[in-house]
Amino acid sequence: MKAGLPKGTRDFLPAELVKRKWMFGIIEEVFRTYGYVPIETPVLENLSTLTGKYGEEGDRLLFKVLNNGDYLTKADEEAFQSKDSRKFTASVSKRGMRYDLTVPFARYVVMHRNDISLPFKRYQIQPVWRADRPQKGRYQEFYQCDVDVVGSTSLSYEAELVQIYDEVFKQLGIPVEIRINHRKLLSGIAQIAGIGEQWIDMTVAIDKLDKIGEEGVRKELTERGISEEAQKRIFEFLAGGDISSMRAMAKGNEEAMTGLEAIDKVFSYLESLPLHNTLKFDVTLARGLGYYTGCIFEVAALDAEMGSLGGGGRYDDLTGAFGWSDVPGVGISFGAERIYDVLEAKELFPANLQKGPKVLFAAFDDDAHAFAFACVSALRKAGIAADLYPEPGKLKKQFKYADDIGCAYIAIIGEEEIKSRTLTLKDLASGSQDTISIQEAIDRLS
RNA sequence: GUGGAUGUAGCUCAGCUGGUUAGAGCGCUAGAUUGUGGUUCUAGAGGUCGUCGGUUCGACCCCGAUCUUCCACCCCA
């Protein structure tokens with residue numbers, strides 16, 4: 001058989017994984033510093049946990065797992081005959097793979113309500129799966145890094161999450177723009193335009209403003225059945241630009257005012273604490289997932305052609321679907337794959353990331369190999385990543401191997417070294433070498 | 001889910017209107033060089049031309065299906 005992978009998935013070579021781990025390490029350390037604790041959840045969830053949480057589009061992209069055993073005996077024959085895929089699937093599959101980290105977290109909070117104290121601040125770095133059509137930077141298996149806090153409505157958490165975005169991207173060296181908006185402001189604008197019922201249609205359309213322009217948005221609004229009159233009011237509002245002028249226009253609409261006040265409050269928390277990146281109020285920002293009800297965030301790289309590097313927002317009631325109502329929360333997510341691609345494209349990974357052992361031992365003959373084995377053990381005991389070429393012989397071959405696996409040093413053992421209980425340590429980058437004792441080598445390499 | 005491209009050596013790619021032994025560069029292996037790699041030189045290995053089927057005397061080339069990757073939508077990280 002031919003070796004191959006399912007579409008949209010990939011293997012990682014050591015050189016890539018070293019870089020990924022560096023990136024995840026920075027993200028995790030910032031999460032930890034802000035007081036978040038790690039959790040993990042299983043790959044598989046009950047399909048009932050997942051379906052209906054991401055809209056119709058999301059349900060379509062959900063990976064389902066076939067039931068075990070004689071699943072056909074319990075299959076819905078009628079649904080099969082009438083080619084009703086949804087109904088049939090439900091009869092042969094009761095589990096699916098997680099689509100994001102937020103819904104499993106909601107399930108987790110409800111199930112462990114007696115073991116956690118609110119507000120509960122958690123982070124989670126795990127892969128998720130979507131049966132999307134792959135493209136560059138879009139995979140069917142990819143990692144998300146989520147931080148959420150549940151059990152508090154304090155807007156200081158929104159401000160804190162902005163700081164987390166800011167700190168992570170500062171440490172990674174990617175200049176970004178953090179955009180903020182509020183769902184209530186959007187629904188308020190729709191009310192002001194007299195199309196309160198269609199606020200989601202409006203939101204989806206104006207989200208594309210920077211991409212398709214005003215004409216394109218108007219066209220889409222018309223297609224979604226929104227009148228010219230309403231469109232006029234919407235664009236009047238969008239033209240407002242900053243918070244204070246919008247406040248004047250929103251007067252009398254409680255919904256829009258709530259949104260504007262919240263955004264203003266987040267800005268005020270950060271007033272005296274300068275960010276490294278820019279935080280921008282963007283009234284056209286929408287965000288897809290249906291469960292956001294308050295502030296929403298999105299992060300975009302300033303000088304890279306890349307979709308959003310992360311997003312998030314506040315939800316009034318994340319856990320209601322699992323039977324525990326009115327638990328508010330707010331959280332953000334980092335899109336690891338896209339961030340990695342930006343780091344790669346801009347060559348922002350540190351050059352000195354060690355992928356192989358620090359030193360490789362090379363021996364000339366069997367006696368030297370035996371002595372080298374003892375030397376390697378001594379170095380390893382001292383905590384130095386060291387390795388021994390498996391057989392003695394030509395130095396050329398052993399040098400090449402050291403280069404290939406990314407060693408910084410090679411230690412050569414021959415007759416003379418055995419006699420004097422030393423090793424010849426060569427710095428592969430500079431080419432300089434010294435014959436020194438094992439203890440000296442340990443001191444130099446640690 | 002819709003529309004469009006793509007696939008030839010480990011990698012990047014040539015390959016004539018269909019014609020018999022499918023090429024290059026890099027990489028790989030060995031030697032030049034029996035205590036010193038990344039340079040140079042020489043030789044060598046490596047391909048069921050994505051897969052399956054069809055048309056043809058003959059297919060890498062034409063046709064169909066399928067898979068992969070990529071692009072634009074949709075949606076999203």
Side-chain angles (χ1 to χ4, degrees), chain A residues 1-10 13 27 54-62 85-86 98-102 125-146 204-205 207-208 211-212 216 220 223 285-290 297-301 305-312 332-342 360-365 368 372 389 392-419 422-435:
Chain A
M1 71 172 284
K2 204 179 158 189
L5 279 173
K7 84 169 146 200
T9 66
R10 54 250 202 292
L13 290 165
I27 293 171
Y54 310 104
E56 211 166 305
E57 184 73 11
D59 284 355
R60 189 169 65 74
L61 299 179
L62 231 37
S85 300
R86 270 176 77 166
R98 80 167 97 78
Y99 176 92
D100 72 356
L101 301 177
T102 307
I125 299 176
Q126 288 191 279
V128 301
W129 290 267
R130 294 182 191 180
D132 206 355
R133 191 177 287 205
Q135 274 180 37
K136 203 179 197 77
R138 276 178 98 157
Y139 305 94
Q140 295 204 336
E141 178 186 66
F142 61 97
Y143 274 75
Q144 284 195 335
C145 316
D146 274 28
V204 170
D207 184 40
K208 298 175 185 165
K211 204 171 172 184
I212 60 176
E220 180 145 349
E223 277 165 18
L285 174 63
R287 298 293 310 157
L289 297 174
F297 303 102
E298 189 161 278
V299 183
E305 282 293 315
M306 183 63 71
S308 78
L309 301 181
I332 57 172
S333 178
F334 290 76
E337 319 304 333
R338 288 185 182 176
I339 295 170
Y340 180 93
D341 285 347
V342 172
L360 178 79
F361 276 75
F364 280 103
D365 52 35
Y389 196 79
K394 284 222 167 112
L395 280 186
K396 176 171 172 144
K397 214 174 189 175
Q398 307 192 50
F399 264 87
K400 185 152 171 36
Y401 183 70
D403 279 334
D404 288 348
I405 64 174
C407 289
Y409 295 89
I410 196 161
I412 301 160
I413 306 289
E415 220 174 302
E416 293 155 33
E417 283 85 358
I418 301 175
K419 226 176 279 173
T422 57
L423 53 88
T424 298
L425 188 68
K426 176 163 180 164
D427 182 328
L428 283 166
S430 70
S432 62
Q433 67 180 57
D434 292 298
T435 301

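Naming: A, B, ... by sequence-line order, numbering from 1 per chain.
Nearer to the 5' terminus of RNA chain B, by closest-nucleotide assignment, is the contact made by A/Glu416 (compared with the other of A/Gly335 and A/Glu416). Of the two residues contacting RNA chain B, namely A/Thr435 and A/Leu5, the nearest-nucleotide position lying further toward the 5' end is that of A/Thr435.
In this structure, A/Lys394 places its NZ atom 10 Å from C1' of B/A32, rounding to the nearest Å. For the pair A/Lys397 NZ and B/G35 C1', the computed distance is 17 Å after rounding to whole Å. The separation between A/Gln398 atom CD and B/U33 atom C1' is 16 Å, rounded to whole Å. The interatomic distance linking A/Asp404 (CG) with B/U29 (C1') rounds to 13 Å, in whole Å. Note: CD (A/Gln144) to C1' (B/C76) measures 10 Å, nearest angstrom. Here B/G35 presents its C1' atom at 13 Å from NZ of A/Lys419, a figure rounded to the nearest Å. A straight line from CD of A/Gln140 to C1' of B/C75 spans 14 Å, rounded to a whole angstrom. If you take CG of A/Asp207 and P of B/A77, they are 11 Å apart, rounded to a whole angstrom.
Using cut-offs of 30° and 60° on the angle between ring planes, the pair A/Tyr54 and A/Tyr99 is tilted.
A heavy-atom distance below 4.5 Å is not found between the side chains of A/Ile410 and A/Gln433. A heavy-atom distance below 4.5 Å is found between the side chains of A/Val204 and A/Glu220. Annotation: side chain of A/Tyr409 is not in contact with side chain of A/Lys426 (no heavy-atom distance under 4.5 Å). Using a 4.5 Å heavy-atom cutoff, the side chains of A/Phe364 and A/Ile412 are in contact.
Pairing for B/U39 is absent, with no Watson-Crick or G-U wobble pair whose two atom distances lie under 3.5 Å. Both distances falling under 3.5 Å, in either a Watson-Crick or a G-U wobble arrangement, place B/C73 opposite B/G1. For B/G64, the paired nucleotide is B/C52, the pair qualifying as Watson-Crick or G-U wobble because both relevant distances are below 3.5 Å. Base pairing of B/C16 is not made with any nucleotide, judged by Watson-Crick or G-U wobble geometry with both donor-acceptor distances under 3.5 Å. For B/G10, the paired base is B/C26 (Watson-Crick or G-U wobble, both distances below 3.5 Å).
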Can you pull every protein N or O that's under 3.5 Å from an N or O on nucleotides 71-74 of chain B?
residue : atom : partner  : partner atom : Å
B/C71   : OP2  : A/Lys136 : N            : 2.5
B/A72   : OP2  : A/Gln135 : OE1          : 3.3
B/C74   : OP1  : A/Lys208 : NZ           : 3.3
B/C74   : N4   : A/Arg138 : NH1          : 2.7

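Only the C1' atoms considered, B/G23 is 25 Å distant from B/U40, to the nearest whole Å. A gap of 37 Å separates the C1' atoms of B/G10 and B/C75, to the nearest Å. B/C16 and B/C11: their P atoms are spaced 22 Å apart (whole Å). Taking the P atoms as reference points, B/U8 lies 8 Å from B/U12, given to the whole Å. A gap of 27 Å separates the C1' atoms of B/A14 and B/C52, to the nearest Å. Atom name C1', nucleotides B/A9 and B/G15: the rounded distance is 14 Å, in whole Å. Nucleotides B/U55 and B/A24 have their P atoms positioned 35 Å apart, rounded to a whole Å. When the C1' atom is used for both B/C73 and B/C61, the distance is 32 Å, rounded to whole Å.
Here A/Tyr139 lies in heavy-atom contact (under 4.0 Å) with a base. No contact: A/Gly393 has no heavy atom under 4.0 Å from any strand.
More than 12 heavy atoms of other residues, nucleotides or ligands shown are found within 6.0 angstrom of CD on A/Glu223. Atom OH of A/Tyr340 has more than 12 neighbouring heavy atoms from other residues, nucleotides or ligands inside a 6.0 Å radius.
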Heavy-atom protein contacts under 4.0 Å, nucleotides 36-42 of chain B, coded B base, S sugar-phosphate only, - none:
BBB----
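In this structure, A/Ile413 CD1 and A/Leu423 CG are separated by 5.0 Å, a value rounded to the nearest 0.5 Å.
What you find for A/Asp403 and A/Leu428 is that their closest heavy atoms are OD1-CD1, 4.2 Å.
Aromatic stacking is marked for A/Phe142 over B/A77, as both cut-offs hold: 5.5 Å for the centres and 30° for the planes.
Listed by chain and number, the residues in a salt bridge (Lys or Arg N to Asp or Glu O under 4.0 Å) with A/Arg338 amount to none (sequence neighbours excluded).
Between A/Glu57 and A/Arg60 there is a salt bridge, with a side-chain nitrogen of the basic residue lying less than 4.0 Å from a carboxylate oxygen of the acidic one.
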